[in-house]
Novice: 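A single structure is presented below for examination.
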Amino acid sequence: GETRILKQHTHGSLTAHERLSLLFNSNTFRELDMLKSHRCTEFGMGHQDIPGDGVITGNGLVNGRIVYAFSQDFTAQ
């Protein structure tokens, strides 16, 4: 959420989406498995829904070449 995004920026860090947008050529990144979720029931995780399981994965072009990448999304809740 917004609170976690603000925390990232306060620490001088970019969000996962911001990092990926800097890496890939403009408008070429396609996110995969956005609706994926975990099946963990231990550690109190059974009642938490974290979109994409806290990881952004996808592909796009970097200097004209196809690249696959992932980025930990610390703002996912």
Side-chain angles (χ1 to χ4, degrees):
E2 288 296 319
T3 304
R4 290 181 180 217
I5 291 172
L6 181 60
K7 185 177 179 181
Q8 285 287 101
H9 290 161
T10 301
H11 291 299
S13 299
L14 299 173
T15 66
H17 282 105
E18 291 167 343
R19 292 191 302 271
L20 289 168
S21 69
L22 288 175
L23 173 65
F24 287 95
N25 294 5
S26 182
N27 298 317
T28 64
F29 181 73
R30 291 188 179 188
E31 189 172 347
L32 305 172
D33 294 332
M34 291 179 282
L35 303 177
K36 182 174 284 298
S37 64
H38 67 82
R39 293 181 277 169
C40 181
T41 57
E42 299 172 342
F43 311 110
M45 293 293 293
H47 302 289
Q48 291 191 17
D49 183 31
I50 303 172
D53 206 16
V55 179
I56 298 172
T57 60
N59 65 349
L61 299 177
V62 175
N63 293 327
R65 293 183 175 187
I66 298 174
V67 173
Y68 287 79
F70 72 93
S71 184
Q72 296 293 133
D73 186 3
F74 299 107
T75 63
Q77 197 169 357

Novice: Roughly how far, to the nearest 0.5 Å, is the CG atom of L6 from the NE2 atom of H11?
Specialist: 9.5 Å
Novice: Indicate every side-chain donor-acceptor pair of residues 14-23 with a distance under 3.5 Å to a residue at least two apart or in another chain.
Specialist:
| from | atom 1 | to | atom 2 | distance (Å) |
| --- | --- | --- | --- | --- |
| T15 | OG1 | E18 | N | 3.2 |
| T15 | OG1 | E18 | OE1 | 3.3 |
| H17 | NE2 | E31 | OE1 | 3.4 |
| E18 | OE1 | H9 | NE2 | 3.0 |
| E18 | OE1 | T15 | N | 2.8 |
| E18 | OE2 | H9 | NE2 | 3.1 |
| R19 | NE | S71 | OG | 3.4 |
| R19 | NH1 | L14 | O | 2.6 |
| R19 | NH2 | S71 | OG | 2.8 |
| R19 | NH2 | Q72 | O | 2.8 |
| S21 | OG | H17 | O | 3.4 |
| S21 | OG | E18 | O | 2.9 |

Novice: Show the atom names and distances, to 0.1 Å, of all donor-acceptor pairs under 3.5 Å that link a side chain in residues 54-67 to residues at least two apart or in another chain.
Specialist:
| from | atom 1 | to | atom 2 | distance (Å) |
| --- | --- | --- | --- | --- |
| T57 | OG1 | L32 | O | 3.1 |
| N59 | ND2 | Y68 | OH | 3.3 |

